[in-house]
Amino acid sequence: MLLSSVVLGVMATAGTARADSCYTWSRTLSQGASGADVKTLQIRVAGYPGYGGVLDIDGSYGPATAAAVKRFQSAYGLAADGIAGPATFSKIYALQDDDCTPAHFSYAELNRCNSTWEGGAVSAATAKANALRTMWKLEALRHALGDRSITVTSGFRSRACNDAVGGATSSRHLYGDAADLGAGPHSLCTLARQARNHGFNGILGPGYPGHGDHTHVDHRSSRFWSASSCGI
């Protein structure tokens, strides 16, 4: 992308804060922008859609993306203007490992089933991409809870792994877009309640059958929250 171009109101000033081995943005992004760089940004701010919201990862910088960027900026003490420029990108780079995962989560943590991401309900590439989106939402959840650790007890499962643990035949774990969270610094109810702010359509926790020892979050297509012991 040419740094000198101005398209649909996009400010095209340089947005590079430093070279990043995963991804480096080459322009400042604001409402009206579109493209792969917007989609890459959306994945990283998808944990900031607001209560009950889910940010579409569609490569189009609309009002919902601007609002998510604004919440991300506010969460990290940046000027909250909804425009993704050098300061916003610098914070993402600081959070981002070389393989594009957020600093506090890893592919290995989201897949204890196999090393190939194969055997689920979607292609290996899709399952791995879904897990990346999950991790960035979990990073937002972790930050909102004081940057204290969150334990992932289960992520992607192949059909064989899912059968072995007695998972539902339609489990979101087969898609790579689900994570089970164990208790630790935070109670299961704290995790379930806070997850409502971070882009998860599926939240199951204590009070829902089979979820007394973990809180489950996922990206199903429509909202289903149930953790009656937590008031959800």
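Predicted model only: the values in this text are computed from it and were never measured.
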Determine, using the 4.5 Å side-chain heavy-atom cutoff (strictly less than), whether [X] and [Y] are members of one ILVMFWY cluster.
X: L138; Y: I57; answer: yes
X: V69; Y: V38; answer: yes
X: L55; Y: F89; answer: yes
X: Y61; Y: V45; answer: yes
X: V217; Y: M135; answer: yes

Ionic contact status for [Y] with [X], cut-off 4.0 Å:
X: D177; Y: R133; answer: no
X: R27; Y: D37; answer: yes
X: R172; Y: D180; answer: no

State, without any angle test, whether [X] and [Y] hold a side-chain donor-acceptor pair at a distance under 3.5 Å.
X: H143; Y: E139; result: no
X: D99; Y: T101; result: yes
X: S154; Y: R157; result: yes
X: Q73; Y: T88; result: yes
X: H211; Y: D213; result: no

Within 45° cone and under 6.0 Å: K128 NZ/CZ vs Y107 ring: yes
Row check, W225 ring normal vs R223 NZ/CZ: under 6.0 Å, within 45°: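 So R223 does make the cation-pi contact.
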L181 vs T153 side-chain heavy atoms within contact, under 4.5 Å: no
Note, F224 side chain near S226 side chain (heavy atom, < 4.5 Å): yes
Hey, is the main chain of [Y] close enough, under 3.5 Å, to the side chain of [X] for a donor-acceptor pair?
X: D81; Y: I83; value: yes
X: R112; Y: A108; value: no
X: R142; Y: D147; value: yes
X: R193; Y: C230; value: yes
X: N111; Y: N114; value: yes
X: T190; Y: H186; value: no

Say you draw a straight line from [atom1] of [X] to [atom2] of [Y]; how long is it, rounded to the nearest 0.5 Å?
X: Y175; Y: S170; atom1: OH; atom2: OG; answer: 7.5 Å
X: E118; Y: S123; atom1: CD; atom2: OG; answer: 9.5 Å
X: T24; Y: Q96; atom1: OG1; atom2: CD; answer: 8.5 Å
X: L141; Y: R196; atom1: CG; atom2: CZ; answer: 12.0 Å
X: H219; Y: N201; atom1: NE2; atom2: CG; answer: 9.0 Å
X: T215; Y: Y208; atom1: OG1; atom2: OH; answer: 13.5 Å

Check against ring pair (Phe, Tyr, Trp, His ring centres under 6.0 Å), F156 and H173: CA-CA 5 Å; F156 167 75; H173 290 279; 9.3 Å; no
Heavy-atom pair of closest approach, residues [X] and [Y]:
X: D218; Y: R220; result: OD2-NH2, 2.7 Å
X: P49; Y: N197; result: CD-O, 3.5 Å
X: P102; Y: D97; result: O-OD2, 3.7 Å
X: Q42; Y: T65; result: NE2-OG1, 3.0 Å
X: A179; Y: T134; result: CB-CG2, 4.1 Å
X: L174; Y: A168; result: CD1-O, 4.5 Å

